[in-house]
Amino acid sequence: MAIRKIITPPDPLLREKSLRVTQVDDDVRALIRDMFDTMYAAPGIGLAAVQVGEPLAIIVMDPAGENEEPRPKALINPQIVWKADELREYEEGCLSVPEVYDKVVRPAEVRVRYLDEQGEEREELFRGMEATIVQHEIDHTRGILFVDYLGRLKRERYLKKVIKKARLARP
Ligand SMILES: [Zn+2]
């Protein structure tokens with residue numbers, strides 16, 4: 001078990017496009033285990049590999065609530081292949097943008113194509129909370145943060161707040 005450090009702005013990696021995974025091997029599976037450890041320890045409900053400093057197109061998520069059975073899911077090279085017209089609004093947060101929460105509107109359902117931990121191609125429909133999480137995490141693999149949806153003024157204010165806080169916390 002290894003809990004990794006979660007990067008925050010202004011780390012330029014957060015703005016980079018993650019690389020596609022060409023081979024799903026033990027190294028990839030070990031990274032996924034670390035990502036789950038890091039996500040559950042935070043605690044959070046989703047995490048992208050770039051957030052632990054590995055710019056690979058891998059995301060993990062678990063939408064289960066506090067008193068529910070865990071539903072861990074890892075997606076490698078996730079790609080949205082269909083979006084619903086219907087929208088869903090949710091107050092999002094992000095482990096890389098701590099203590100910032102704001103409403104983001106996204107498609108209420110998406111169909112995602114990805115590789116599982118065995119390297120098998122899968123396609124799955126995500127709805128509700130799961131749709132919000134999977135879209136937020138896929139954004140990370142493209143260098144997009146949820147605050148980017150909030151307009152320039154809010155985005156700059158939130159990022160400034162995070163950067164200032166990180167600077168104060170440094171010993
Ligand atoms: Zn995030």
Side-chain angles (χ1 to χ4, degrees), residues 2-21 28 31-66 70-80 83 87-110 112-114 124 126-167 169:
I3 295 170
R4 307 267 201 116
K5 185 181 178 296
I6 296 174
I7 61 171
T8 58
D11 193 316
L13 261 190
L14 286 172
R15 292 310 192 177
E16 248 171 58
K17 208 166 176 279
S18 293
L19 299 169
R20 285 177 66 80
V21 174
V28 166
L31 172 60
I32 288 171
R33 274 198 303 278
D34 283 358
M35 288 168 66
F36 275 121
D37 290 343
T38 306
M39 179 188 81
Y40 285 125
I45 53 178
L47 188 74
V50 68
Q51 293 180 273
V52 294
E54 305 273 4
L56 290 169
I58 304 172
I59 66 175
V60 297
M61 55 190 279
D62 188 339
E66 234 174 277
R71 296 203 298 279
K73 192 178 287 281
L75 292 81
I76 299 161
N77 298 339
Q79 204 188 340
I80 294 171
K83 292 177 185 188
L87 298 174
R88 175 179 198 268
E89 184 184 72
Y90 185 75
E91 188 164 84
E92 295 189 22
C94 178
L95 295 175
S96 288
V97 190
E99 290 170 46
V100 172
Y101 301 90
D102 211 327
K103 287 180 182 131
V104 177
V105 177
R106 301 180 187 270
E109 292 182 15
V110 289
V112 178
R113 189 177 297 155
Y114 65 96
E124 191 173 330
F126 292 82
R127 27 166 64 114
M129 191 63 206
E130 296 196 15
T132 293
I133 300 171
V134 81
Q135 289 174 84
H136 175 121
E137 302 310 331
I138 289 173
D139 275 354
H140 277 300
T141 71
R142 300 163 58 220
I144 298 167
L145 298 172
F146 84 98
V147 292
D148 296 347
Y149 294 97
L150 305 174
R152 188 174 60 86
L153 286 178
K154 266 193 178 180
R155 182 181 69 232
E156 285 178 2
R157 178 154 47 87
Y158 285 145
L159 291 177
K160 229 179 260 170
K161 182 177 145 186
V162 170
I163 291 166
K164 192 173 160 194
K165 219 172 150 46
R167 205 183 295 136

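Order of listing sets the numbers, starting from 1, for every ligand and every atom in it.
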Atoms of protein origin (N, O or S) under 2.8 Å from the Zn ion (ligand 1)
C94 SG, H136 NE2, H140 NE2

Validation row: [X], [Y] side chains within 4.5 angstrom (heavy atoms):
{"X": "K73", "Y": "F126", "value": "yes"}
{"X": "V105", "Y": "Y149", "value": "no"}
{"X": "E137", "Y": "Q51", "value": "yes"}

Side-chain ion pair, D11 and K5, N-O less than 4.0 Å:
no

Under the side-chain contact (heavy atoms from CB on, under 4.5 Å) test, residues paired with E16 that sit two or more places apart:
L13

Of V147, V100, L145, the residue whose pairing with V162 passes side-chain contact (heavy atoms from CB on, under 4.5 Å)
V100

